[in-house]
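What you are looking at is a predicted structure, and each value in this text was computed from that prediction instead of being measured.
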Amino acid sequence: MEALAKIVVKAAEVAADPAAAKNNAAAASAGYAYGLAAIGPGIGIGYIVGKAVEAMARQPEAAGMVRTTMFLGIAFTEALALIGFVVFILLKFA
Amino acid sequence: MNDPSSLFTSQLSGDAPEVAVTRHMLVRGLIAAPVLVLIASFIWGADGATSSAFGCALVMLNFALAAALISSTARISLGLMMGAVLFGYLIRLGIIFAAVVLVRNMSWISLPALGCTIIVTHLGLLFWELRHVSATLAYPGLKPSSGGEANTSS
């Protein structure tokens, strides 16, 4: 019943000022978008580093090549989070 | 190396390849930054130019921090390096977020220019470096030639 009352109140707010409601929704979803965009690269970087550490422990003589590839892999994966961040700043502040 | 604990206690000494990679990227970033600033100034004006310069500096600082974290922790242990990379990712994202939030209301900032520069610089420098690294990994000891001359000696 309480949830239903909240929905009715929200609907009344949207009907009163649609532009403000749209801005509020954009700001809230921008935060969610940034958070969600950071999860995938976080998992990806963990996977890359985990596998690289395993490879370096197995074959220390190839550590230089593995580290170079790992660093580039981390930076490429991080680009996804940066794209999410740029979408966030454009939605939230621009 | 079959003992799982060795995976976390072993350390890497010697040259740090990520520092060399980052040094290349910073040099190339300094070459590319004026071009990006010029393009941004054509599209977004003076605000775009300053925002673009700020974005380039932010991306290069991000690369330098990542390389410094990996190279310094790899000398201690691989386990520490793994943790530092993961927490470093969060910290670096936090630094970029804080830097952008702090300057977002300044008169000289243009957010679309800043956002575009961050993405273009980050990906551009990476692809530029990837071209060099993939060539040196595929043909170790050979420097990729810019003229595209074929080696015809038999």
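Only the side chain of B:Asn62 comes within less than 4.5 Å of a heavy atom in chain A; its backbone stays farther off. Residue contact with chain B, scored on non-hydrogen atoms closer than 4.5 Å, involves the side chain of A:Leu90 exclusively. Interface residue A:Ile83: backbone and side-chain heavy atoms are both found under 4.5 Å from chain B. The parts of B:Ile96 that come within reach of chain A are both its backbone and its side chain, each placing non-hydrogen atoms under 4.5 angstrom from that chain. Contacts of B:Ala67 with chain A are made by both backbone and side-chain atoms, with heavy-atom separations under 4.5 Å.
Looking only at heavy-atom pairs under 4.5 Å with chain A, the residue among B:Leu123, B:Leu93, B:Val101 that has the most is B:Leu93. Interface check for chain B: of the options A:Val87, A:Val49, A:Thr69, the most heavy-atom pairs under 4.5 Å are formed by A:Val49. Contact tally against chain B (heavy-atom pairs below 4.5 Å) for A:Pro41, A:Ala52, A:Ala63: the top residue is A:Pro41. The choice from B:Glu129, B:Met25, B:Arg92 that makes the most heavy-atom pairs within less than 4.5 Å of chain A is B:Arg92.
The backbone N or O of B:Gly48 lies less than 3.5 Å from no partner atom in the side chain of B:Ser110, so there is not a single donor-acceptor pair. When atom types are taken as modelled, the side chain of A:Tyr34 and the backbone of A:Ala81 share no donor-acceptor pair closer than 3.5 angstrom. A distance-only check finds a donor-acceptor pair linking the side chain of B:Thr50 to the backbone of B:Ala46 [under 3.5 Å].
Between A:Phe76 and B:Phe127, the distance from one ring center to the other falls under 6.0 angstrom.
A 4.5 Å side-chain heavy-atom check between A:Phe85 and B:Val100 finds at least one atom pair inside the cut-off.
The minimum heavy-atom distance linking B:Ser77 with B:Leu80 is given by the pair OG-N, 3.0 Å. Closest non-hydrogen pair, B:Thr117 versus B:Ala113, comes out as OG1-O, 2.6 Å.
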